[in-house]
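Some notes on the structure that comes next.
Each chain gets a letter, A, B and so on, in the order its sequence line appears, and its residues count up from 1. Please read these numbers as outputs of a predicted model, since none were measured by experiment.
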There are 2 protein chains.
Amino acid sequence: MLLRTNTSSSRPVDGHLAALAGENVFCSEFRYRRGTEVFGEGEETEYVYQIISGAVRTYKLLSDGRRQINSFHLPGDMFGLENGVTHRFTAEAIVETRVRITRRRSLLDATRDREGGVAKVIGLVTQSLQHAENHMLLLGRKTALERVAAFLLEMDERLSQPYVMILPMSRRDIADYLGLTLETVSRAFSSLRDEKMLQFDGPTQRRIALTDRGRLGDLNA
Amino acid sequence: MLLRTNTSSSRPVDGHLAALAGENVFCSEFRYRRGTEVFGEGEETEYVYQIISGAVRTYKLLSDGRRQINSFHLPGDMFGLENGVTHRFTAEAIVETRVRITRRRSLLDATRDREGGVAKVIGLVTQSLQHAENHMLLLGRKTALERVAAFLLEMDERLSQPYVMILPMSRRDIADYLGLTLETVSRAFSSLRDEKMLQFDGPTQRRIALTDRGRLGDLNA
DNA sequence: AGGCGAGCTTGATCTGCAGCAAATTCAACT
DNA sequence: AGTTGAATTTGCTGCAGATCAAGCTCGCCT
């Protein structure tokens, strides 16, 4: 196959977790194995996390098991900084994941009396809100093909490996993120491949190369 | 018909707009006629708004006209306080609406050096985020009937007229909020009436009485 | 009073995606 | 090398909700 994987595995990060508070907070590292829970919905918000490597999904469940994934967190992303005292959703490692951790309280304390620190925290929340607003439009009004195209472009931008990206998440995860079934996601992938907008291979077809970002973008309308 | 409307028209408000900054900002009143735009997507964020009476919808559009309503704003609610310099969606008055307005800058300036002022701003953003997260679950994973039940309970809580509420928005607005068509919304209303969970009448069937909140809640799963 | 139009309901039909099932691939075992 | 199981693809069928089309109600106009 003609695909080539980029060797560098981490993308440019939007700032170290500790930088939020001016380096003077204590950060420790931690690792989660594939499929393990980082925190659960309703638990107390004790830590703030930043991904070093790997990937995390955050989601909500209905009582009968239907799942909606809010967002995927990739290397460099922070998560778990919620304003209330309890988490509003569950976070799980999708693959083996290393994170930097700091106590929420010490981060907030250190942030408060730092120039522009509060603005950065507001910025983080706002970024999530903006993502959620765009995702509501996707979930409420886009077709299956449009959703998958939007997903691919989002991942392309965030993983930003020049030629090829390797998705950490399964078709089921993608489906639960896009409000579809895994079969529909799979069919959309195949149909985009047939239309020559992407190629994929690898053990579980997760190695993806976008070959026509222009037409994928058109599907975003 | 046996329905009775409560005469008091405004609900307990979560705080005057000016209270955010400690009363020392200038607020003026303004009114918008039914269907007029308060601000447009992409415009500069110049003002912050609080509804005195009436209702406002905020939405995003796709290029072909498909519309997703993010949220409805009712008396007491604030909106338009976005972190960036431009609005990420459009806001329109659904009915004749009176608002309190203040300049975003003066509010933020006055808020910054006030005890707990910043926390209140973060609280506002967080509240929107929480609403958006719940709405993603609804849009991604709930059935038509579940969506409509959730909508009715949300409005019941927010309009909180003890016996009867009068919805300001049309079936089309509801549909664009719930990711459905107006016909499907109408059928869901009728089916919930047939199941004796609500009654409705009034000129355009917008006067609603919930008669079994328990079973409506069950539909939320 | 009569006509008009906006908003809503209801019926009939259609369709995009869900649901189910079978086949394939590949990693990780024994 | 063979077996097992997880993940994916693909085909077939079914259905929830979309789409199309009347028909109704009520406020508002002349």
Any sub-3.5 Å donor-acceptor pair from [X]'s side-chain atoms to [Y]'s backbone N or O?
{"X": "A:Arg207", "Y": "A:Ile166", "result": "no"}
{"X": "A:Arg141", "Y": "B:Leu180", "result": "yes"}
{"X": "B:Gln130", "Y": "B:Gln127", "result": "no"}

Return the residues of residues 176-196 of chain A meeting this criterion: a heavy atom under 4.0 Å from some atom of DNA chain C. Order them by number, or give none.
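Per residue number, the list reads A:Gly179, A:Leu180, A:Thr181, A:Glu183, A:Thr184, A:Arg187.
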Output the residues of residues 133-149 of chain A in contact with DNA chain C, where contact means a heavy atom of the residue under 4.0 Å from an atom of the strand; sort by number or write none.
A:Thr143, A:Ala144
Distance check needed: [N] [atom2] versus [X] [atom1], whole Å only.
{"X": "A:Arg207", "N": "D:dA7", "atom1": "CZ", "atom2": "C1'", "result": "17 Å"}
{"X": "B:Arg66", "N": "D:dA18", "atom1": "CZ", "atom2": "C1'", "result": "13 Å"}
{"X": "B:Met169", "N": "C:dC8", "atom1": "CE", "atom2": "P", "result": "11 Å"}
{"X": "B:Ile166", "N": "C:dC8", "atom1": "CD1", "atom2": "P", "result": "14 Å"}
{"X": "B:Asp201", "N": "C:dG7", "atom1": "CG", "atom2": "P", "result": "19 Å"}
{"X": "B:Arg206", "N": "D:dT25", "atom1": "CZ", "atom2": "P", "result": "18 Å"}
{"X": "A:Leu167", "N": "D:dT8", "atom1": "CG", "atom2": "C1'", "result": "13 Å"}
{"X": "B:Ile208", "N": "C:dT9", "atom1": "CD1", "atom2": "C1'", "result": "14 Å"}

Nucleotide nearest A:Arg171 when distance is taken to its side chain, options D:dT8, C:dT9, D:dC26
D:dT8
Side-chain touch B:Tyr177/B:Glu154, heavy atoms, less than 4.5 angstrom:
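Answer yes - side chains close enough.
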Looking across every strand, which nucleic acid part, if any, lies under 4.0 Å from A:Arg34 by heavy atom: base, sugar-phosphate, or nothing?
sugar-phosphate
Does a salt bridge link [X] with [Y], judged by any charged N lying under 4.0 Å from a carboxylate O?
{"X": "B:Glu133", "Y": "A:Lys60", "value": "no"}
{"X": "A:Arg104", "Y": "A:Glu46", "value": "no"}
{"X": "A:Asp176", "Y": "A:Arg57", "value": "no"}
{"X": "A:Arg187", "Y": "A:Glu183", "value": "no"}
{"X": "A:Glu29", "Y": "A:Arg98", "value": "yes"}
{"X": "B:Arg215", "Y": "B:Asp218", "value": "no"}

Below 6.0 angstrom between ring centroids: does that apply to B:His73 and B:Tyr49?
no
For the helix from C:dA1-D:dT30 to C:dT30-D:dA1, how many degrees between its two end axes (five pairs per end), to the nearest 10°?
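About 30°, once rounded to a multiple of 10°.
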When you measure from the side-chain N and O atoms of B:Arg172 to the phosphate of C:dG7, is any distance below 4.0 Å, counting only OP1 and OP2?
no
